[in-house]
There are 2 protein chains.
Amino acid sequence: MKVSREEAEANHERIIDAASRLFRQKGFDGISVAELMTAAGLTHGGFYGHFKSKDDLVSLAVQHALARSGAAWTSITGDADKPFAALIDRYLDEAKLAEPGPACMFAALAPEGSRRSGDVRRAFADGFRSLTGILAGLLPAALRSRRRAASIAVFSEMVGALVLARSVDDPDLAREILRIVKADLKSRFPDKAAA
Amino acid sequence: MKVSREEAEANHERIIDAASRLFRQKGFDGISVAELMTAAGLTHGGFYGHFKSKDDLVSLAVQHALARSGAAWTSITGDADKPFAALIDRYLDEAKLAEPGPACMFAALAPEGSRRSGDVRRAFADGFRSLTGILAGLLPAALRSRRRAASIAVFSEMVGALVLARSVDDPDLAREILRIVKADLKSRFPDKAAA
DNA sequence: ATTATCTATAGATCTATAGATAATGC
DNA sequence: ATTATCTATAGATCTATAGATAATGC
């Protein structure tokens with residue numbers, strides 16, 4: 001059964017969306033093309049009409065997830081009295097321990113991404129520039145030119161904390177890592193007091 | 001052909017050693033049991049005389065790599081005038097970008113480890129406690145009880161920086177990340193001036 | 001007529017096991 | 001006689017493709 005051009009495009013997006021979530025949950029190699037297509041409500045064989053290869057989908061899924069993160073960051077900080085603290089609290093929320101699906105692509109898959117094609121690593125580089133750019137805008141204006149450096153140090157600490165907290169099997173230790181790093185980052189770069 | 005009990009034990013160690021390096025290079029799923037055994041100079045079928053399963057080897061390889069890191073950290077800092085700075089400079093050395101084989105198990109495989117068995121995650125938790133313990137001993141005594149928290153913040157930033165630097169396809173950006181985070185950590189926690 | 005999707009399968013993996021082989025160590 | 005290692009293979013994947021099907025859109 002064929003579908004309309006619009007519906008086919010919607011299917012294309014649905015595959016990317018499911019993939020970007022399922023890859024973060026199970027790893028790039030932890031979910032097969034057949035499982036991905038089932039998750040998107042389609043059958044295995046249809047995949048290769050939408051994408052050149054699985055690696056092609058991987059790079060699109062990374063791009064998609066990182067673009068979404070950027071939009072989420074802008075939305076979270078837009079509403080907040082203390083934008084930097086709000087972002088840190090969200091990024092390192094305890095819920096992120098058990099639910100990597102909707103969380104950060106870097107924390108879930110950057111090391112696996114390092115071993116993949118140039119297209120995938122380009123998507124990570126673009127996402128890195130975009131997310132650290134958003135972060136830099138939240139840091140104290142007094143830092144001036146050091147804002148860029150500070151944003152890179154902050155993002156490293158954010159990603160590292162989530163990676164480490166997820167890797168340990170002790171839930172108390174995992175929560176402690178998140179708590180300590182949230183406090184450390186917020187004390188290093190306090191938002192101006194709210195108006 | 002059989003070998004002596006001692007030689008068999010040496011083979012056992014050689015498999016773990018090769019695995020701990022090759023897993024960091026290619027991922028837990030990126031190298032097969034057959035390839036691992038070839039790298040150790042043995043044949044495929046012999047593997048299951050040494051280990052219960054591939055996952056069993058994974059947890060031993062994680063343990064082995066993290067124990068080695070602890071020993072290396074102690075050795076690096078033992079000789080140095082500025083132990084903390086020496087450790088940071090080594091951990092975030094540019095050579096670590098292209099050579100994950102001998103580098104940090106957390107930076108290479110913690111996210112993949114998060115998706116594996118309890119044994120593997122216990123090995124990561126033990127390694128985390130051990131390495132942050134070493135770090136805490138290098139931080140200014142004046143921090144007192146906050147040394148533990150500081151060591152966790154520092155280790156997060158170290159791991160995150162290496163993970164991020166490796167994920168981007170732009171070598172200049174990767175080196176910039178390492179350079180910025182090295183400077184940031186050393187300025188936050190300067191060693192006492194050498195005697 | 002075109003084309004998005006589906007069914008079925010080729011070909012290449014990979015983990016784990018069964019049974020054979022040959023050197024060690026009682 | 002015991003046992004570390006080897007050869008060979010079963011069984012279960014997984015990616016990618018070929019050819020059929022059926023609804024869209026000229």
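Just so we're on the same page: letters track the sequence lines, and every chain starts at 1. Scope of the values below: all heavy atoms of this structure, side chains included, with no hydrogens, waters or symmetry mates. Computed from a prediction, not measured in an experiment: that's the story for all the values here.
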Atom pair distance, as rounded to whole Å: CZ in B:R5 and P in D:dT5 | 12 Å

Length of the CZ-P vector between B:F47 and D:dC6, whole Å | 14 Å

Quickly work out the A:N11 CG to C:dC6 P distance and round it to whole Å.
-> 8 Å

Select base, sugar-phosphate, or nothing to describe what B:T43 touches, counting heavy atoms under 4.0 Å on all strands.
-> base

State whether a side-chain donor-acceptor pair under 3.5 Å links A:R147 with A:S151.
-> no

Answer yes when A:D29 and A:R116 have at least one side-chain N-carboxylate O distance shorter than 4.0 Å, and no when they do not.
-> yes

Once you apply the 3.5 Å cut-off to both distances, tell me the Watson-Crick or G-U wobble partner of D:dT15, or none.
-> C:dA10

What integer distance in Å separates B:D56:CG from C:dT17:P?
-> 12 Å

Hey, is the side chain of A:H50 poking within less than 4.0 Å of OP1 or OP2 on C:dT5, counting only N and O atoms?
-> yes

Which is true for B:G45 with a 4.0 Å heavy-atom rule: it touches a base, it touches only sugar-phosphate, or it touches nothing?
-> base

Mind checking whether A:I76 and A:L139 sit in one hydrophobic cluster, side chains of I, L, V, M, F, W, Y counted as touching below 4.5 Å?
-> no

Which residue lies more 5' along DNA chain D, comparing B:L42 with A:S53 via nearest heavy atoms = B:L42

Under 3.5 Å on both distances, the Watson-Crick or G-U partner of C:dT21 = D:dA4

Choose from D:dA4, C:dA4, D:dC14 the nucleotide whose nearest atom is closest to any side-chain atom of A:E35.
-> D:dC14

Does CZ in A:R115 sit with more than 12 non-hydrogen atoms of other residues, nucleotides or ligands closer than 6.0 Å?
-> yes

Closest to the side chain of B:V3, out of D:dT5, C:dT5, D:dT15, is D:dT5

Comparing nearest nucleotides in DNA chain C, the 5'-proximal residue of the pair A:H12, B:E6 is A:H12

Rounded distance in Å - NZ (B:K54) to C1' (D:dA12) | 15 Å

Can you tell me the distance, in whole Å, between the CD atom of B:E7 and the P atom of D:dT3?
-> 17 Å

Rounded to the nearest Å, what distance is computed from the CZ atom of residue B:F51 to the P atom of nucleotide D:dA4?
-> 13 Å

Candidates C:dC14, D:dC14, D:dA4 - which lies nearest the side chain of A:S32 = D:dC14

Give one of base, sugar-phosphate or nothing for A:S4, where a contact means two heavy atoms less than 4.0 Å apart.
-> sugar-phosphate

Using a cut-off of less than 4.0 Å, is there contact between a side-chain N or O of A:Y48 and OP1 or OP2 of D:dA16?
-> yes

More than 12 non-hydrogen atoms from neighbouring residues, nucleotides or ligands closer than 6.0 Å to CD on A:E35, yes or no?
-> yes

Please report, rounded to the nearest Å, how far the P atom of D:dT13 is from the NZ atom of A:K26.
-> 14 Å

